[in-house]
Amino acid sequence: MKFEKLAAPKGVREYLPPESQAFEWVREQLISPAKRAGYQLMELPVFEDTSLFNRGVGESTDVVTKEMYTFEDRGGRSITLRPEGTAGVMRAVIESNLDRGQLPVKVWYSGQFFRAERPQAGRYRQFYQVGIEAIGIDDPALDAEVISIADQGFKNLGLKNYRLEITSLGDAASRAAHRVDLMKFISKLDLDEATRARAEINPLRIFDDKRPEIKSAMQDAPILMDYLSDYSRSHFEQVKSYLDALGISYVVNTRMVRGLDYYTGTTFEFVHDDLGAQSGIGGGGRYDGLMEVLGGQALSGIGFGLGVDRALLASIAENTLPVGDFTSDLFIIPLGEEMKAFALTVAANCRRQGFSVELAFGDRSLKGAMKGADKSGARFVAVIGDSERESGSVELKRMSDGTSISVKISELQTVLGA
RNA sequence: GUGGGCGUAGCUCAGCUGGUAGAGCACUCGGUUGUGGUCCGAGAUGUCGCGGGUUCGAGCCCCGUCGUUCACCCCA
């Protein structure tokens, strides 16, 4: 009887050894600046009530209308695998009254997100993000800090071929006024049906169109930046001046489009040049109405999400990944079955002292075990047989040059630690 | 959801105008007693993604399907 092989579901990205090591490194580089800025971990469910995303992300967005993994659970509830992180964070903050203490609430998260899209380079159905949210204070300095934390994450990776694009989406009133004029402008254009339908849902989308004829047609379209209120304008100017002070370069992109409805005011995106069509490696912005819409206080907040998968692709493209693999300090080869118990205890003792130690298993020949030791990259190798157990000392062989010295087993740490 | 490319050993691939499958790397063992990297020798591994069809005969042709990949769309 032969069983059929199973495969992972379509479009999921898995990270297995040795690549998983790079993934883990990238994720830590991206989030460590947030930890150092006092942001604290929030572990959240990967599924939520569907209504959270309908309300939070926005009914008109592509994410909600056609990209969510939604299903009914056994209790008949409509459940959705989280397509982004901010809505869940806000729900938890409101539910647990974290916003009743000192503000801003500063949290970070990391994990899987799900979107039922057609897979492509840098786009997966299950993907990884790290992100932060700073909730409750509307201060341009906080905007600048949040942006700089994201930027530092990319800098930690050694990335250079990316740029920060920023804009301000203003408040609801300015967006409404702009929308009226923009629709007026678009209605005069000669557009195909699909494009016109997209414009109906969100006219800003047309700014994003890649076709040259559309790009040139949109050349003179009214831009939101010209509709900002005095408050929004000065807020944005402040953010820019703080970024200047931080030495963070940016380009103002007055035509930026974001796919989630909740963004207001400062909005930003990190774009990498070497990634093909899916070039956004991170993005975020301020969201004024979100908390209230989700049943909480009317507090502002700002945050970002960074794509770990794409940051890894960018690091590969720029060749910035560290070369050193995990290597253990010591590789122990027991000679024969009867030596295994002793070898296990020696290994365990060394590990307790903080060294990384690997063992040879199975019944390979000594030569085979040595090959295994070589491939493991271990710094030292010790063969343990009868004589070693009796004498209490081993020949510690340094793999880099083949030399060996006799060391008492009880004093291994003096050599391993050197 | 729409369109194009691709699916042959663990990996990278070759396989001429259809005649029942190969290389390199990797892996395992060996080159005499308990020491790796080089070298030499030997060995194992494939329902040629899956299902139909055409044919005396299909890895090669046709159809479908699944997967993968790239782009549109969208976004991390």
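It should be emphasised that the depicted structure is a prediction, and the values quoted were computed from it without experimental measurement. Naming: A, B, ... by sequence-line order, numbering from 1 per chain. Side chains are part of it too, since the values below use all heavy atoms of this structure and drop only hydrogens, waters and symmetry mates.
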Colleague: For A:Arg205, report the nucleic acid contact type (base, sugar-phosphate, nothing); a contact means any heavy atom under 4.0 Å.
Modeller: sugar-phosphate

Colleague: Taking only residues two or more places apart in sequence, or in another chain, which ones meet A:Glu19 in a salt bridge (Lys or Arg N to Asp or Glu O under 4.0 Å)?
Modeller: A:Arg13

Colleague: Would you say the rings of A:Tyr128 and A:Phe113 are close, in the sense that their centroids are separated by under 6.0 Å?
Modeller: no

Colleague: Salt bridge or not between A:Asp374 and A:Lys371? Use side-chain N to carboxylate O under 4.0 Å.
Modeller: no

Colleague: Is the ring centre of A:Tyr128 under 5.5 Å from the base ring centre of B:rA76, and are the two planes under 30° apart, so that they stack?
Modeller: no

Colleague: Using a strict threshold of under 4.0 Å (side-chain N to carboxylate O), is an ion pair present between A:Arg258 and A:Glu269?
Modeller: yes

Colleague: Taking B:rU45 as the reference, what is the distance to B:rC25 when you measure between their C1' atoms (whole Å, please)?
Modeller: 15 Å

Colleague: Using a 4.0 Å cut-off on protein heavy atoms (strictly under), produce a 5'-to-3' string for nucleotides 34-41 of chain B with B for base contact, S for backbone-only sugar-phosphate contact, and - for none.
Modeller: BBBB----

Colleague: Looking at B:rU32, which nucleotide sits across from it as a Watson-Crick or G-U wobble partner, both distances under 3.5 angstrom, or is there none?
Modeller: none

Colleague: Is there a Watson-Crick or G-U wobble partner for B:rU20 with both distances under 3.5 Å, and which nucleotide is it?
Modeller: none

Colleague: Of all residues at least two apart in sequence or in a different chain, which pass the ring pair (Phe, Tyr, Trp, His ring centres under 6.0 Å) check with A:Tyr287?
Modeller: A:Tyr262

Colleague: For A:Arg258 and B:rA76, is the shortest distance between a side-chain N/O and OP1 or OP2 below 4.0 Å?
Modeller: yes

Colleague: Could you work out which one of B:rC70, B:rC27, B:rA76 sits closest to the side chain of A:Glu117?
Modeller: B:rA76

Colleague: Reckon A:Gln278 has a side-chain N or O less than 4.0 Å from the OP1 or OP2 of B:rC74?
Modeller: no

Colleague: Check nucleotides 49-51 of chain B for protein N or O atoms closer than 3.5 Å to its own N or O atoms and list the pairs.
Modeller:
none

Colleague: May I ask you to list the residues of residues 145-167 of chain A, by number, that have any heavy atom positioned under 4.0 Å from an atom of RNA chain B?
Modeller: none

Colleague: Do the two ring centres, one from A:Phe380 and one from A:Phe331, sit under 6.0 Å apart?
Modeller: no

Colleague: Polar pairs (N or O, both sides) under 3.5 Å between protein and nucleotides 65-67 of chain B?
Modeller:
none

Colleague: Within this structure, what is the CD1-CD1 distance for the pair A:Ile137 and A:Ile302, rounded to the nearest 0.5 Å?
Modeller: 12.5 Å

Colleague: Is the phosphate of B:rC74, meaning OP1 or OP2, less than 4.0 Å from a side-chain N or O of A:Arg125?
Modeller: no

Colleague: Are any of the side-chain nitrogens in A:Glu338 or A:Lys340 under 4.0 Å away from the carboxylate oxygens of its partner?
Modeller: no

